[in-house]
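Working notes, structure below.
Hydrogens, waters and symmetry mates are skipped; everything else that's a heavy atom, side chains included, is used.
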Amino acid sequence: MANGTTVFVAEALRRFKTIGTLLPSSRYLAQHMVKVIPRGYAGVVLELGGGSGVVTTAILEKIGPTGTVIVFEENKTLADFLTQMIRDP
């Protein structure tokens, strides 16, 4: 199984107009983005464009089992990758 970066870059090269970038978010960016979410947040977090799952993983680690993450990914290849790789605690 390919890693998230490989899958993301391959899809970005095939479908740049819908993805809009060539590289996925970094772990550093993901950690910075989730700073606004309280640890153990019991609400719902919506992620638009799950991509390689880096931000999704950071959200799940931050909220733990108390919250819910709903991810929208229109690219079928990336959505399938997320379904296989992301394990919701």
Side-chain angles (χ1 to χ4, degrees):
M1 169 64 79
N3 69 35
T5 299
T6 303
V7 173
F8 186 92
V9 170
E11 284 304 296
L13 290 171
R14 279 189 211 114
R15 295 173 178 86
F16 182 77
K17 286 185 179 181
T18 60
I19 292 179
T21 185
L22 291 175
L23 298 174
S25 299
S26 68
R27 288 185 188 142
Y28 175 78
L29 174 62
Q31 291 303 316
H32 186 72
M33 291 172 67
V34 301
K35 284 183 180 180
V36 299
I37 303 170
R39 186 159 301 283
Y41 179 64
V44 176
V45 177
L46 297 176
E47 182 184 7
L48 303 178
S52 66
V54 173
V55 176
T56 309
T57 300
I59 295 168
L60 287 168
E61 289 172 355
K62 185 79 180 255
I63 67 173
T66 59
T68 301
V69 180
I70 299 172
V71 181
F72 294 92
E73 178 53 68
E74 74 171 356
N75 180 288
K76 182 170 175 14
T77 301
L78 293 174
D80 291 346
F81 177 80
L82 289 169
T83 300
Q84 292 175 5
M85 297 305 293
I86 301 294
R87 297 294 173 235
D88 188 349

Quiz item: Measuring from M33:CE to S26:OG, what's the distance to the nearest 0.5 Å?
Solution: 10.0 Å
Exercise. Have a look at V71 and tell me which of T83, L82, I86 forms a side chain to side chain contact (heavy atoms under 4.5 Å, CB included) with it.
Key: L82
Exercise. Find the distance between CZ (F8) and CG (N3) and round it off to the nearest 0.5 Å.
Key: 12.5 Å
Self-check item: Joint hydrophobic cluster, V45 plus I70, side-chain heavy atoms closer than 4.5 Å
Solution: no
Quiz item: Does V34 belong to the same Ile/Leu/Val/Met/Phe/Trp/Tyr cluster as L60, with side-chain heavy atoms less than 4.5 Å apart forming each link?
Solution: yes
Practice problem: Identify the two heavy atoms, one from A58 and one from Q31, that lie closest to each other, and give their separation to 0.1 Å. | Solution: CB-NE2, 3.7 Å
Quiz item: How about R27: does its CZ atom have over 12 heavy atoms from other parts shown lying under 6.0 Å from it?
Solution: no
Quiz item: Is V36 reachable from V55 through a run of I, L, V, M, F, W or Y residues, each pair having side-chain heavy atoms under 4.5 Å apart?
Solution: yes
Exercise. Starting from the C-alpha separation in whole Å, work towards a yes-or-no answer on side-chain contact (heavy atoms from CB on, under 4.5 Å) for I19 and L78.
Key: CA-CA 10 Å; I19 292 179; L78 293 174; 4.1 Å; yes
Quiz prompt | Gap separating the CZ atom of R15 from the CD atom of E74, nearest 0.5 angstrom | solution = 10.0 Å
Quiz item: With side chains defined as the heavy atoms from C-beta onward, is the minimum distance between V9 and L23 less than 4.5 Å?
Solution: yes
Quiz prompt | Value rounded to 0.5 Å, distance of OG1 in T66 from NZ in K62 | solution = 11.5 Å
Self-check item: Distance, nearest 0.5 Å, that separates CG of L46 from OG1 of T68
Solution: 10.0 Å
Self-check item: Same apolar cluster: L29 and V69, side chain cutoff 4.5 Å
Solution: yes
Quiz item: What are the two closest heavy atoms between S52 and G4, and how far apart are they?
Solution: CB-O, 3.5 Å
Quiz item: Under 4.5 Å between side-chain heavy atoms, hopping through other hydrophobics if needed: is there a path connecting V44 to I63?
Solution: no
Quiz item: Between T6, T18, N75, which is the residue that forms a side-chain hydrogen bond (donor to acceptor under 3.5 Å, both in side chains) with E11?
Solution: N75
